[in-house]
There are 2 protein chains.
Amino acid sequence: MNLDSTDEKILKNLMMDARQSARQLALKLGMSTVTVLSRIKKLEKEKIIKGYTATIDHEKIGYSLTAIIEIVAKNDKIVDMEEEISKFENVCGVYDITGSTDTIIIAKFKERNELSKFVKGLATIPNVENTITHVVLNTAKEDFRLT
Amino acid sequence: MNLDSTDEKILKNLMMDARQSARQLALKLGMSTVTVLSRIKKLEKEKIIKGYTATIDHEKIGYSLTAIIEIVAKNDKIVDMEEEISKFENVCGVYDITGSTDTIIIAKFKERNELSKFVKGLATIPNVENTITHVVLNTAKEDFRLT
DNA sequence: CCTGAAATTCGCACCGC
DNA sequence: GCGGTGCGAATTTCAGG
């Protein structure tokens with residue numbers, strides 16, 4: 001599916017502020033409410049818009065610890081392993097990558113010992129051969145909106 | 001600032017669907033519209049809610065290539081370097097980490113040669129000593145909502 | 001923190017371009 | 001396919017308790 005410039009403008013605006021009405025958006029973009037609304041519906045239907053979420057300041061609600069963990073797998077059923085890891089609520093990202101390790105994950109925790117428990121828990125998952133944990137000292141950017 | 005269970009419920013629900021009215025939310029949670037609305041306003045004011053965004057299917061709009069890039073820095077002014085890197089629109093995450101490399105970044109691209117150009121561009125940034133690029137073969141999870 | 005009513009705003013359908 | 005108008009419904013806001 002390809003988007004025209006109208007779709008792109010709408011997407012861009014909804015990424016900046018998902019809580020604005022079709023009317024407001026139409027006003028801003030200089031087109032009719034109907035057009036904006038029907039485009040949004042179309043984008044939702046085609047699952048280009050997957051949903052709308054509030055962006056939370058993780059640190060302010062207590063998630064002060066971010067970790068990036070590399071995983072070396074025993075060489076079969078990596079997909080199953082990744083699915084298993086994805087189930088954890090602390091886990092924000094799970095990527096299957098090229099290079100010397102197989103999988104890299106990003107996870108967030110409130111306490112140091114939660115991270116500790118988590119890493120120990122990883123070792124019990126089938127196919128996890130080895131893990132390398134990196135603690136994030138500073139997050140310079142974390143914004144998955146793409147314009 | 002600490003949240004009570006009402007705040008948490010509201011946050012959780014807004015993370016699931018940012019485009020629902022305070023009234024709907026109040027109905028679901030069994031409290032009044034006014035209460036919900038004033039809590040939301042409070043959470044916005046305290047910047048616990050940083051904003052509201054539409055979640056987009058990156059692959060469907062053409063970002064089919066994700067890369068994770070490790071960076072080794074010359075050992076001063078890492079912060080400046082990270083700020084510089086954060087400016088790129090393709091860059092979704094920039095993390096300062098412990099371990100053998102200094103910084104790890106996540107970036108998304110539409111084309112293979114965009115990635116290529118990007119990595120070459122990195123080398124020209126002051127303080128970038130060396131980069132290691134991992135191509136993401138599969139994204140098992142990418143969801144930075146924390147309950 | 002809730003109730004209730006006022007005032008605003010919204011979404012959608014209809015119609016014309 | 002896009003835009004304008006209008007109406008019923010839904011939403012926020014403002015009182016008072």
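Values below: all heavy atoms of this structure, side chains included; hydrogens, waters and symmetry mates excluded. First the proteins, then the strands, lettered A, B, ... as listed; each starts at 1. These numbers come from a predicted model, not from an experiment.
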In terms of the nearest nucleotide of DNA chain D, which residue is placed more toward the 5' end: Arg19(A) or Met31(A)? Met31(A)
Please verify the inter-ring angle class for Phe118(A) with Phe109(A); under 30° counts as parallel, over 60° as perpendicular, anything in between as tilted. tilted
Look at the side-chain N and O atoms of Arg39(A) and state whether any lies under 4.0 Å from the OP1 or OP2 oxygen of dC2(D). yes
Taking dG11(C), dT11(D), dT13(D) as options, the one with an atom nearest any side-chain atom of Thr33(B) is dT13(D)
Any Lys42(B) side-chain nitrogen or oxygen under 4.0 Å from OP1 or OP2 of dC1(C): no
Integer-rounded Å distance: dT13(D) C1' and Ile40(B) CD1: 14 Å
Starting at CG of Leu29(A) and ending at C1' of dC2(D), how long is that distance when rounded to a whole Å? 14 Å
Do the side chains of Glu142(A) and Lys108(A) get close enough for a salt bridge, i.e. N-O under 4.0 angstrom? yes
Starting at NZ of Lys28(B) and ending at C1' of dA10(D), how long is that distance when rounded to a whole Å? 16 Å
What integer distance in Å separates Leu25(B):CG from dT11(D):P? 11 Å
Base, sugar-phosphate alone, or nothing: which one does Gln20(A) contact when heavy atoms must sit under 4.0 Å apart? nothing
Check whether any side-chain nitrogen or oxygen of Thr35(A) sits under 4.0 Å from OP1 or OP2 of dG3(D), and answer yes or no. yes
Looking only at non-hydrogen atoms, find the nearest pair between Glu129(A) and Ala73(A) and report the distance. CB-C, 3.9 Å
Check the phosphate of dT11(D) against Ser21(B), side-chain N and O only, distance under 4.0 Å to OP1 or OP2. Yes or no? yes
Any side-chain N or O of Lys41(B) below 4.0 angstrom from OP1/OP2 of dT12(D)? no
Carboxylate-amine/guanidinium contact Lys47(A) Glu44(A), below 4.0 Å: no
In whole angstroms, how far is the C1' atom of dC14(C) from the CG atom of Leu37(A)? 15 Å
Tell me whether Asp17(A) is salt-bridged to Arg19(A), with the criterion being a basic N under 4.0 Å from an acidic carboxylate O. no
Contact class for Ser32(B) (heavy atom, under 4.0 Å): base, sugar-phosphate, or nothing? base
Quick check on dA10(D): is either OP1 or OP2 less than 4.0 Å from any side-chain nitrogen or oxygen of Arg23(B)? no
